[in-house]
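Comments concern the structure below.
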Amino acid sequence: MISTARVPADKPVRIAFSLSDASDDTPPEDPIPPVFPELDQQLQPLPPCHESPESMQVFRQHCQLAEEYHEVKKEIALLEERKKELIAKLDQAEKEKVDAAQLAQEYEALMEENRTLKLAQSQCVEQLEKLRIQYQKRQGSS
């Protein structure tokens, strides 16, 4: 049931309606229409003309679209946050991969240096042994 009343122009007006398909005999559950603060002003649902079922239907559709828009924006925000997390993980994995490659190169370089030093040490041991033999021969011949 639609009730009308004359209200002076300087008084604020509240319009109540229900988005459910309940009969007009039941009082509305929430006398304040839904508010969509995340929407730009030009996208806000305009109050319907209560005498026009078409206007009420358009208003309901607009409210439903606004709710869907809000849900999609929330999902986008969550997905963007997840994207940031995944990018951070990827960056960390790439850094670890680079670190592992650098460590592998460093290991190979150290192994090569170790082989070179062992070869030099064995050559020095051989040379020292030859020098001892020569020294002993000199000592023995004098």
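For Ser55 (side chain) and Ser52 (main-chain N/O), no donor-acceptor pair under 3.5 Å exists by modelled atom type.
Here the CG atom belonging to Leu119 is positioned 11.5 Å from the CG atom belonging to Asn114, to the nearest 0.5 angstrom. Note that the NZ atom of Lys84 and the CD1 atom of Ile87 stand 9.0 Å from one another [nearest 0.5 Å]. To the nearest 0.5 angstrom, Leu78 atom CG is 14.5 Å from Lys83 atom NZ. Atom CD in Gln57 sits 6.0 Å away from atom CZ in Arg60 (nearest 0.5 Å). Going from atom OG1 of Thr116 over to atom CD of Gln121 covers 13.0 Å, rounded to the nearest 0.5 Å. How far CD of Gln44 is from CD of Gln42: 9.5 Å, rounded to the nearest 0.5 Å.
Other residues sharing a hydrophobic cluster with Met111 under the 4.5 Å side-chain heavy-atom criterion for ILVMFWY residues are Tyr107.
Here the shortest heavy-atom pairing between Pro45 and Phe59 reads CB-CE1, 3.5 Å. The two atoms that bring Met56 and Pro48 nearest to each other are SD-CG, 3.4 Å, heavy atoms only.
Two residues are said to be in side-chain contact when any heavy atoms from C-beta on lie closer than 4.5 Å; Lys95 and Asp99 meet this criterion. Leu131 places a side-chain heavy atom less than 4.5 Å from the side chain of Gln134.
Partners of Glu96 by side chain to side chain donor-acceptor pair (under 3.5 Å), not counting sequence neighbours, listed by chain and number: Gln92. Remark: Leu86 pairs with Arg82 by the side-chain contact (heavy atoms from CB on, under 4.5 Å) rule, at least two apart or across chains. Residues passing the side-chain contact (heavy atoms from CB on, under 4.5 Å) test with Leu103, sequence neighbours excluded: Glu106. Every residue meeting the side chain to side chain donor-acceptor pair (under 3.5 Å) condition with Tyr135, not counting sequence neighbours, appears here in chain and number order: Gln139.
Within the structure, salt bridge (charged side-chain N to carboxylate O under 4.0 Å, His left out) pairs that include any residue of residues 111-127 comprise Glu112-Arg115 (at least two apart or interchain).
In Glu75, the CD atom is not crowded: 12 or fewer heavy atoms of neighbouring residues, nucleotides or ligands sit closer than 6.0 Å. Within a 6.0 Å sphere centred on CD of Glu54, heavy atoms belonging to other residues, nucleotides or ligands number 12 at most.
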Derivation and outcome, side chain to side chain contact (heavy atoms under 4.5 Å, CB included), residues Val98 and Glu94: CA-CA 6 Å; Val98 167; Glu94 287 176 355; 5.5 Å; no
